[in-house]
Every structure is written in C-alpha cells, then in structure tokens.
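For reference, the structure discussed in these notes is given below.
FYI, side chains are in, hydrogens and waters are out, and symmetry mates aren't considered; it's all heavy atoms of this structure.
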Amino acid sequence: MEPTLTPPTKIALSTASVYPESTATAFEIAARLGYDGVEVMVWTDPVSQDVDALRRLSDYHRVPILAVHAPCLLITQRVWSTDPWVKLQRAKRAANLLGADTVVVHPPFRWQRGYAKDFVTGIWRMAGETDVRFAVENMYPWRYRDREMLAYAPDWDVSKHDYRHFTVDLSHTATSRVAALDMVERMGSRLAHVHLADGSGSGKDEHLVPGRGTQPCAQLLESLTATGFDGHVVIEVNTRRAMSAAEREADLAEALAFTRLHLAASAQVGR
C-alpha cells in the first residue's frame, strides 16, 4: 500500500503585505505571482470589511481566501464594533461565507480587562461552535528605550497558555527576542498557521522578506512535514519602503520563491 502523503501546504499572501496599497491590489498581485490564496487583514480599508466585495475579488482573480485576520490592531478598534467578541463573531461569519478555514486573532491588550480575563475560555468556547480554526498569534513586549511594556494579556507569548490552535509569526519572535523554534515546539501539534516574515531582533516589528533577517525561516518551513502541519503559510511582510510597484512585487515574488523552495525540501523529507 502506498503511504499517505500530507497535502501540499498552501502559501497565501496577506493583504497587509501590500500596504499602503489596497486590499484589491493584494488580490491582483497574488494572482499574478501565483500565490495559492490570500489572508484578508480586516482593517480600515472598507473593502477588507465587506464580505460581498471580498467574494467578488476572489472570484474575479480566481484566488481563494484561506484565512481572515480579525481586526485586532490599535487602528481597528472601531472596525466591526468596539466589542472584541462581536469582532470575532463577525470574523467567524466572514470566514464561513468566504470559504476560509482560519481566523487569526491577537491576544487582548491589557487595558481590555474584561475581554482579557475571559479570553482563553472564550476562544475555546467559540472554537467549539465552528469548524473554523481560531489561531491565536504570538505577539511581543513593547519597548521604549530600555524599558519594556507588557501590552498584551494574559501574555504576549501565547504558547504559555492553553489554546486549541496557534499562529506563529517569525517577525514577532524576532521582536520579542525569543527562540522561534523553541516556541514552535511548545505549540506542537496545535500550530495551525504560520505568518512568515523575518526580523533582525532590533526590537522593531520589521516583517522583513524571509531570508533577510536572523530568524530560522528556512528551518521552520523544512520542519513542517515532520511535525504534521496541516495549515497554511502566509507571507506577511512590510513593503512600505518599496520605491515602486515593481519593487514591491519583486519582494513578494522573492518571498514566495523562498517559501516554495524550503517547503519543497520539507516535502522531500516527508517522502
């Protein structure tokens, strides 16, 4: 009998990767470069908040929506309600309507005390209501000069808590100055989603193109088959400094080629 092979891991483009360009531009670039899908960052762009508009973009460009990133940023505090649980319910509904299997969510800010107090149990409750994965993402301490501010609760290191699914972000591991592969090991089989980017450990959340920093991007990709990973890898890089649309697209093509190369090595190991 032939051995069962793990289905190829899909590579998605985060719509945040084209900022300050629009959500619509992300679909265009994903289609042109051959990404397997997109992750929609729900933010202040009205299109990112509109399920019908997103469906039309997906259909027109023939690019599936693989994940929805709930509006968890400071600039999105009023997007889809000011109630964080309503935001997550709307993200779940959007994922269901758009055919996405994952909702990415950040841990609460510390000043969201009621939300933070019930966050772990609340995420478990919501996860039990749907097949959509709520993949909680690792964050980092905020720094000003030599001081650290713990901005997230119950912790920026989500691997210390009991969640059903995790997202690991390698720019965030660089910013928090933790060993990324150790964090991934703690997440274990509950690692459901990868935000692939690089960082230098400077203390800034850099989201560099993979391979341009110090993070073990290649090693992580090459380990996925061995760990039974069945989620998606999402390119979430910062292209704001690109001097032209062509330069931005070249960065995103480089990130896709890097990811494909090292996932292929992972697949060969799994054979």
Task: Donor-acceptor contact present, side-chain Thr175 to main-chain Ser171, <3.5 Å - done: yes
Open item on the list: Does Asp59, at its CG atom, have more than 12 non-hydrogen atoms belonging to other residues, nucleotides or ligands within less than 6.0 Å?
Closed with: yes
TODO: Please answer whether the main-chain N or O of Ile11 pairs with a side-chain N or O of His232 as donor and acceptor at a distance below 3.5 Å.
DONE: no
Task: Donor-acceptor pair, side chain of Thr130 and main chain of Ala127, under 3.5 angstrom - done: no
TODO: State which residues pass side-chain contact (heavy atoms from CB on, under 4.5 Å) with Arg133; sequence neighbours excluded, sorted by chain then number.
DONE: Thr102, His165, Ala192, Asp230
Task: Under the side-chain contact (heavy atoms from CB on, under 4.5 Å) test, residues paired with Arg56 that sit two or more places apart - done: Asp52, Ala53
Open item on the list: Does any part of the side chain of Tyr60, heavy atoms only, come nearer than 4.5 Å to the side chain of Leu57, both counted from C-beta?
Closed with: no
- [ ] Answer yes or no: is there a side-chain heavy-atom contact under 4.5 Å between Leu54 and Thr23?
- [x] yes
TODO: Report yes or no: does Arg164 contribute a side-chain atom to a donor-acceptor pair with the main-chain N or O of Trp124 at less than 3.5 Å?
DONE: no
Open item on the list: If only side-chain N and O atoms count, and only distance matters, is there a donor-acceptor pair under 3.5 Å linking Thr25 with Ser22?
Closed with: yes
- [ ] Check side chain to side chain donor-acceptor pair (under 3.5 Å) between Asp162 and all other residues, then give those that pass, not counting sequence neighbours.
- [x] Arg190
Open item on the list: Between Glu137 and His106, is there a side-chain donor-acceptor contact under 3.5 Å, judged purely by atom types and distance?
Closed with: yes
Task: Trp43 vs Ile75 side-chain heavy atoms within contact, under 4.5 Å - done: yes
Open item on the list: Can a donor-acceptor pair be found, under 3.5 Å and without considering hydrogens, that links the side chain of Trp80 to the backbone of Gln49?
Closed with: yes
Open item on the list: Would you say the rings of Tyr35 and Phe27 are close, in the sense that their centroids are separated by under 6.0 Å?
Closed with: no
Task: Whether Gln77 side chain and Thr82 backbone form a donor-acceptor pair below 3.5 Å - done: no
Open item on the list: So, using side-chain contact (heavy atoms from CB on, under 4.5 Å) as the criterion, who are the partners of Cys217 when residues are at least two apart?
Closed with: Leu170, Leu196, Asp198, Pro210, Gln215, Phe258
TODO: Answer with yes or no whether the side chains of His69 and Glu236 bring together a donor and an acceptor at under 3.5 Å.
DONE: no
Task: Residues in salt bridge (Lys or Arg N to Asp or Glu O under 4.0 Å) contact with Asp157, at least two apart in sequence or another chain - done: Arg186
- [ ] Using the salt bridge (Lys or Arg N to Asp or Glu O under 4.0 Å) rule, collect all pairs that involve residues 239-263, keeping only residues at least two apart or in two chains.
- [x] Arg32-Glu249, Arg212-Asp251, Arg212-Glu254
Task: Whether over 12 other heavy atoms sit under 6.0 Å from Arg177 CZ - done: yes
